[in-house]
Participant: 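I have a structure here, written as structure tokens, and I will follow up with some questions on it.
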Amino acid sequence: MAQNGFLKAALVGLTIALTTGPVAGQAETLRVVSGAPTSALHIPMNRAVVVESDTPFAELSIANPNIADISSLSDRSIYVLGKEPGRTTLTLIGADGRLITNVEVQVTPDLAEFKERLQQVLPGEHIEVRSANDGIVLSGTVSSIARMDRALELAQRYAPERVSNLMSVGGTQQVMLKVRFAEMQRSVSKSLSSSIAVQGSTLGGDLGLSGGTNSASTAAGQGSTLTGSIGGASADANGAFLFGFNAGAVEVGILLEALESKGVVRTLAEPNLTALSGQEASFLAGGEYPIPVAQDNNTVTIEYKPFGVELNFIPRVIDGDVINLELSAAVSSIDPSNGFTQGGFTVDAFRRRETSTTVEMRDGESFAIAGLLSDDFTDLSGQVPWLGDVPVLGALFRSAEYSRQQTELVIIVTPHLVTPTRGEALALPTDRVRPPSERDLFLFGRVTSTPTTGGAGEVARQDFSGSYGYVMD
């Protein structure tokens with residue numbers, strides 16, 4: 001008998017514990033004593049709560065059945081089920097038709113289940129979850145923006161369009177982007193042309209004949225050919241060879257012109273720029289070129305087009321040291337050779353190499369985001385009809401031009417996670433020099449003077465190899 005009594009007491013205690021547990025767990029029991037509820041009724045969504053009244057009631061009503069559903073268990077007990085987040089009112093009316101009480105019912109998202117799922121999806125993140133009105137409030141510190149987005153997406157499942165984000169992202173969220181533009185241009189051109197002139201008196205009359213394959217210098221160079229001068233050679237000719245001979249009353253002059261040129265151009269730029277994660281940063285090292293633009297009423301306005309080294313990027317720290325980069329880079333320069341003149345205005349053209357892309361990499365890793373290899377080849381041959389086909393002597397009536405241009409361009413980007421440092425630890429190029437004294441200028445011819453004492457002297461003795469402005473992790 002004692003054992004049976006103990007079991008009955010245990011079952012009663014378990015029943016009471018199940019019906020009076022906290023909101024985050026099972027359903028709770030709310031008592032209505034002397035016509036007034038002990039507190040507001042908080043119900044997790046899809047959970048049930050039992051309301052007990054000391055006074056028997058005859059009629060029940062709920063203001064918004066879409067928020068909570070009710071059913072009577074007895075004349076003193078009510079079963080309330082939370083359906084959707086929100087607030088409503090439960091009304092109890094006695095047998096005499098008089099109002100017993102109004103119970104405020106608040107249905108909230110099931111935070112207990114949400115917390116469990118949050119710990120499963122994002123273990124180790126310190127995220128605090130609270131309910132506010134009919135929504136969810138998230139606070140705390142997360143390790144990355146990607147994890148924050150995952151937490152918000154999961155919260156939207158439990159409270160659509162009712163999630164307040166008070167979380168902050170910890171760790172380093174500033175990105176320094178190092179971009180290297182490297183370009184090599186090689187060009188070579190060769191040309192060979194000839195011209196011939198004949199004059200004299202024979203057959204009882206004057207004889208005059210001139211011709212050639214170099215149209216640039218033929219008109220001006222034939223007379224000087226016969227007089228023994230090479231002044232008529234073209235301005236681009238790096239070498240000119242003149243020879244002539246007399247055949248009785250006939251004088252013959254031959255002018256050979258040769259041109260060979262080679263050139264190499266190297267372009268290198270390394271801009272560095274720092275921005276906060278998710279914010280856009282821009283950089284321009286160059287200038288702006290004025291361009292006239294025709295408007296109505298025969299007026300002209302000026303617009304400025306930037307040129308030089310341009311860089312625009314948006315960094316996003318995804319997770320840990322993983323960085324997403326939305327990047328736009330360009331190198332441009334003025335090209336007068338392709339400009340035009342109109343209406344009294346001369347406008348130069350632009351040479352521009354640009355790229356726009358989105359890449360993802362880790363801190364300190366590099367990516368070659370653009371590469372260009374162009375090889376232009378031109379071969380041109382001209383001759384005097386029929387005469388150029390004569391063996392051996394036909395070379396005097398032919399010209400040939402050869403041109404080849406090669407361009408190589410590579411753009412490499414390297415992101416770094418950085419944190420600011422104290423200003424005293426930074427060195428500027430101007431800290432290494434100071435204006436010279438009259439003694440240094442006039443006696444020793446020094447245009448700058450290096451400080452030797454104090455803070456400036458310490459900076460002047462420093463080596464400028466390394467990173468400045470920010471400290472890399």
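Residue numbers count from 1 along this sequence.
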Participant: Would you compute the distance between atom CD of Gln120 and atom CG of Leu122 and round it to the nearest 0.5 angstrom?
Facilitator: 11.0 Å
Participant: Looking at every heavy atom in both Val179 and Asn272, which two are closest together, and how far apart are they?
Facilitator: N-OD1, 4.3 Å
Participant: With a 4.5 Å cut-off on side-chain heavy atoms, are Ile136 and Val129 touching?
Facilitator: yes
Participant: Can Glu125 and Arg147 be counted as an ion pair, charged N to O under 4.0 angstrom?
Facilitator: yes
Participant: To the nearest 0.5 Å, how far apart are NZ in Lys190 and NZ in Lys262?
Facilitator: 6.0 Å
Participant: Under a plain distance cut-off of 3.5 Å, with no hydrogens placed, do Asp375 and Gln406 share a side-chain donor-acceptor pair?
Facilitator: yes
Participant: Where the side chain of Asn297 meets the backbone of Thr299, is there a donor-acceptor pair that is under 3.5 Å apart?
Facilitator: no
Participant: Can you sort out the partners of Ser333 under side-chain hydrogen bond (donor to acceptor under 3.5 Å, both in side chains), two or more places apart, ordered by chain and number?
Facilitator: none
Participant: Could you walk me through whether Asp335 and Phe350 pass the side chain to side chain contact (heavy atoms under 4.5 Å, CB included) check?
Facilitator: CA-CA 5 Å; Asp335 185 11; Phe350 285 84; 6.0 Å; no
Participant: Which pairs pass ring-ring contact (aromatic ring centres under 6.0 Å, His included) with one or both residues in residues 108-149, sequence neighbours excluded?
Facilitator: Phe114-Tyr158
Participant: If you look at every heavy atom in Leu273 and Phe283, which pair is closest and at what distance?
Facilitator: CD2-CB, 3.8 Å
Participant: Just one of Thr378, Val188, Leu380 clears the side-chain contact (heavy atoms from CB on, under 4.5 Å) bar with Tyr402, so which one?
Facilitator: Val188
Participant: Are Lys115 and Glu113 close enough for a salt bridge, meaning some N to O gap below 4.0 Å?
Facilitator: no
Participant: Where the side chain of Gln119 meets the backbone of Glu116, is there a donor-acceptor pair that is under 3.5 Å apart?
Facilitator: no
Participant: Test salt bridge (charged side-chain N to carboxylate O under 4.0 Å, His left out) on Arg404 and Asp376 and set out the steps.
Facilitator: CA-CA 6 Å; Arg404 187 174 185 178; Asp376 298 331; over 6 Å; no
Participant: Testing the basics here: between Gln279 and Pro315, what is the closest heavy-atom pair and its distance to 0.1 Å?
Facilitator: O-CD, 3.2 Å
Participant: Is any NZ, NE, NH1 or NH2 atom of the basic residue among Lys83 and Asp69 found under 4.0 Å from an Asp or Glu carboxylate oxygen of the other?
Facilitator: no
Participant: Within this structure, what is the OG1-CD distance for the pair Thr407 and Glu183, rounded to the nearest 0.5 Å?
Facilitator: 6.0 Å
Participant: Could you state the interatomic distance from CG (Leu327) to CD1 (Ile411), rounded to the nearest 0.5 Å?
Facilitator: 8.0 Å
Participant: Can you name the nearest heavy-atom pair linking Pro85 to Met45, along with the distance?
Facilitator: CD-SD, 3.4 Å
Participant: Checking Thr358 now: which residues fulfil side chain to side chain contact (heavy atoms under 4.5 Å, CB included) with it, not counting sequence neighbours?
Facilitator: Asn324, Glu326
Participant: Mind listing the closest non-hydrogen atom pair of Arg130 and Ser139 along with its distance?
Facilitator: NH1-OG, 3.1 Å
Participant: Asp348 side chain to Gly339 main-chain N or O, any donor-acceptor pair under 3.5 Å?
Facilitator: no
Participant: How far apart are the closest heavy atoms of Ile62 and Ala68, and which atoms are they?
Facilitator: CG1-O, 3.9 Å
